[in-house]
Structure formats: C-alpha cells, structure tokens
Asker: 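Before we start, here is the structure in question, set down as structure tokens.
Residue numbering restarts at 1 for every chain, and letters A, B, ... go by the order of the sequence lines. Quick caveat: nothing in here was measured; it's all calculated off a predicted structure.
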Amino acid sequence: MSYLELASISHYYFNEKHCTHALDNISFQVEKGHFISLLGPSGCGKTTLLSIIAQLINPTEGTIKLKGLPIDQQNIAIGYMLQQDYLFPWKTILDNVCIGPKIRREWVTGDYDKAKGLLTKVGLTDIANKYPDQLSGGMRQRVALARTLMTDPALLLLDEPFSALDFQTKLILEAFMIDMLKDYQKTSLLVTHDIGEAIAMSDDIFLMKANPGAIHSHISVPEQVRNLSPIEARKHPEYHQLFDQIWKEMNQLDTENDASRV
Amino acid sequence: MTPKTTHPAYNVYLQQLSREKRLIKYGQSIIFICFFAFWEISSRLHWIDPLIFSSPSRVVNLMVRYLLDGSLWFHMRITVFETLAGFFIGTIAGVILAFFLWYSKRFSAIVDPYLVVFNALPKVALGPIIIVALGPGYSSIITMGAIICVIVSALVVYNGFHEVDANYIKVLQSFGASKWQNFKEAILPASLPTIISTFKVNVGLSWVGVIVGEFLVASKGLGYLIVYGFQVFNFTLVLYSLVLIAFLAALMYQGVAYFEKWLLKKLR
C-alpha cells in the first residue's frame, strides 16, 4: 500500500459560458518519504492538482487516499508552499510561523519554543521579533518553510516555491530544502516547469501535458543522481542525459499541442 | 548606523530645500493676509455692501462677544458632537455592511441594485423624511450625518476587501481556516489603509449631513446660526458661523490625517 494514492482524478472548471476540462483521469502513487515532481508547461493543471490534494478544491471525479484512507475523512495537516512566501507583513516572524497551529486551534503553550527551534533549524536566529519586510527573499522563503513545517504536515506541497528567487539563492535553497525534508522524512510533491530543478530534487518525475491536463509519462531519476545534492546532481553526466530526454519529450508534446489547436 | 558620508553639494541642497519651504509658507501667509485685508478695506470703503458681506473686524468682535458670554462654546459643542457621532456611526456601519457584502456573495448580488440607487441618491433629500420619522432633535441630525457616508464607505471598503491578494487566503485555507478566520487574519488587517482613507472623506461628508440637518430642524448649533442669521438678515452671524465651521472641519480632518499616519506607522 502506497502512502499517497490518487485514483482517476478528473476536474472541470465551470462558468456560465464554458465547461473547461482541466484534469483528465490522473492516477499515481507516492511512497512515504519520496520526493515527486510534476513537470509540465503552464496551463497543464499542475496547480489545480496541488489545490485538489490540499483540499482547497474538490475534484469533479476521483478519490485521494492517504495511508489507505480517504484524505477528506482525516484531520491531517498538509503543508502548502506558494511561489512567493506570502508572509503577513503586519505580523512578526514568530507570529507568522505560529499561524498554522492557531488557525487549526491546536495551539499549546510551548509552541513558541517549537517555532523558535524551527527558525533555528532553517538557519535563522535572532529574527523572531522582526517583520517580513526586514528580511531578504531567500530568508523569507525559509520562514515560509518553517511556517509550513510548524503543523507537522503529513504531506508537503510545493508550488514552484523557488521561482521568484534569483538563481543563486534558488540553488542554495533547493539544497537546503532537500536536507530538511530528508531530516523530517517528509513526503513531498513539487510543481515546476523547470526541468533541471525537477531532476535535481526528485526521486520520480511525472511529465504532464496540457489540454486537458494529464500525466504523459513517468520518469524515475537514476540512483546516482538521486543521492547527490541538487548542486552536485546538476554536474552528473546522467543528469544531462535525462535533461535532454525530457527536453525532447516536452518539445514533442508542445508541437502536438500546437498542431491540435490548428 | 549608516556611515556618515557627506559632500559640500549636500549642504547646498539642504539650504535650497529649506528656502523652498520658507517660500511656500510666505506665499500661504500672503494669500491669507491679502484676503482678509481686502475684505476689510472693501467693506469700509463700501465697495461691497457691509450689510451683506460684513467685515472681518465685525466677525471678530462677534466672536469675542460670543466667546465671553459662552454661546460660542454652546453652539459649537452641539454641532461637533453631532458631527462626530454621525461620522463614527456612519463609518462603523459602512464597514459592517462591507463585511456582510464580502461574507456572502449571494447577499451582495441581491442588494447590489439597491446599493447603486441609494448611492446615487443625494442623501440630504431624505432629510424631511428622517425628521418626520425620528422627530426634530439630535437623533435626526446625527442620522443625517451618518446616512450620508454609510453607503459610500461600504462600497469603498468592500472594494478594498476584494483587492487583498488571494494568495494570503490560500495560505490560511491550507491550514483549514474558516471564513471568519480569513477575514480576521488577512482581509481586515490588509484593508486597514483603505478603511482609514474613507475616514478622511467621511469627516467632510458628515459635516454636510449635520449642517443640512440643522438647517432643516435645529434650534441650536452652527448650522442653525447660519439659517437664523440669514432670516434676521444678520450676515455677520452667518459669516461667523461659517468661519467657525471651516476651522473645526479643517481641525477634524487634520486629526484624522494624524491618526492615519500614526496607525500606518504602527502597522508598518
């Protein structure tokens, strides 16, 4: 039995004039502690899929199971990280980190200490009483990670969390994130359109195609690359081979997509 | 601290800056003095009819007399109280209405046409009806001051609620937040600057409502003095009230502006 199971998820967006087919019959499984990437062009429904797993929207069809039980019947925390940190500018860093348990009404005394511990873990000390606008972009995204980990999420959903950062910060944060997630043994799903990021970070990659959004293929990242840090992985010969393979596949999907539109 | 770097040109720049500020102050004072001097002179030389336009010296004399016999304080107190009450009631009711519009899409869709009509309607035209319904007294005048700003602040604040970045809500919802929690944690604090900006507009509006209300019904207050002065052809009294109103309204506006600055600084 897999940790996370998606069974024939389909989703349609409705409005007065259109019924848009966003996701078509998506099924896959994720093992505990694995890191999965959903790779695809914009408009392939990656973010919709994440929102469905996070239960922000209900799928039109299909079921999601976590540890063998339907996800909506369990009171489990799911961590969701967005493109930008979206820290609340009027709250201190400490209050930002603590917002999860407060919203979930699971606040216990001692959570402040837990939050401070997490901030130290993400490499930030002595900033608990500062405000978000006093921090750099990379620091803010680390705070967002601490906020996400605060509720001990059973699952971590990452919606291109590095896309708004400069390249150097992005590489550093990728490596940092992988270490953190291994430490905490988190099962994670990353949405991205960056092929390199997907290969460098994941155990498995699901390549998605658009119109309607569906899984095109499943690519397993070779062991040698998997066990390297994201920065080292980018230098491995197998990385380049895989990059080329995925690049070609995506190009082909693109041409097919364009052809079907004409 | 940042290291102290300086350059001779910087001192020149600072000097220019303070010179510019001084010039602006001079310009403002000259306009003020010229206006009152011209008014006084033209009235004394009968270029304008002193019976209608009075003169600054007469207004000041009246002001001193009323200050000494206590009637300045008496009328001013009443009008200021009515305006403040109208302002607070109107603004708070507006924010509450905006909350319900935001909370329920259906409610907002249902009341939308009525809001449009009520917003377009000149509220002072409701004066006679309000007075008949609530009786001649404070309550009608305060209602006039409140009703004139309630709808427009509701619409502005509701718009502000909608402009809050939806991703803040997404963050809260990923923790399972309720609609009320969304409002309390994200929508309200993010819209505070918008809410405060309606305060400034509402101060002016509630003065309009209260003065018109006093025109219609009151037997005390600054609006009443204007109507009374008009009826007995005492235009010194009319102008005296007008000067007082202008002064008080400006004072209140400045008060709100300071409050806004203070609050935004606190919220950063």
Asker: Would you indicate whether B:Lys179, at its atom NZ, is surrounded by more than 12 heavy atoms from other residues, nucleotides or ligands within a distance under 6.0 Å?
Answerer: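 Counting neighbours around NZ of B:Lys179, more than 12 heavy atoms of other residues, nucleotides or ligands fall under 6.0 Å, so yes.
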
Asker: Regarding A:Asp95 and A:Arg147, does a basic nitrogen lie under 4.0 Å from an acidic carboxylate oxygen?
Answerer: no

Asker: Which one wins on heavy-atom pair count under 4.5 Å against chain B: A:Met81, A:Lys102, A:Arg105?
Answerer: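 Maximum pair count with chain B is reached by A:Arg105.
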
Asker: Go through A:Ile78, A:Leu82, A:Thr148, A:Leu157 and name the one with the most non-hydrogen pairs under 4.5 angstrom from chain B.
Answerer: A:Leu82

Asker: Go through B:Asn167, B:Leu172, B:Val171 and name the one with the most non-hydrogen pairs under 4.5 angstrom from chain A.
Answerer: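 Max contact count across the listed options: B:Asn167.
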
Asker: Please output the residues of residues 176-194 of chain A in contact with chain B, using a heavy-atom cutoff of under 4.5 Å, in numerical order.
Answerer: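 Residues in range: none.
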
Asker: Ring pair (Phe, Tyr, Trp, His ring centres under 6.0 Å) with B:Phe247: which residues, sequence neighbours excluded?
Answerer: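 Counting only residues at least two positions away or on another chain, B:Phe247 forms no ring pair (Phe, Tyr, Trp, His ring centres under 6.0 Å).
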
Asker: If every non-hydrogen atom of B:Gln173 is compared with every non-hydrogen atom of A:Leu56, which pair is closest and at what distance?
Answerer: CB-CD2, 3.5 Å

Asker: Determine, stepwise, if the pair B:Ser108 / B:Tyr103 fulfils side-chain hydrogen bond (donor to acceptor under 3.5 Å, both in side chains).
Answerer: CA-CA 9 Å; B:Ser108 123; B:Tyr103 194 86; over 6 Å; no

Asker: Using 0.5 Å steps for rounding, measure from the CD1 atom of B:Ile89 to the OG atom of B:Ser206.
Answerer: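 It is 10.5 Å, given to the nearest 0.5 Å.
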
Asker: Cation-pi check, A:Lys67 to A:Tyr3: give yes when NZ or CZ is under 6.0 Å from the six-membered ring centre and within 45° of the ring axis, no otherwise.
Answerer: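 Judged by the rule, A:Lys67 and A:Tyr3 form no cation-pi pair.
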
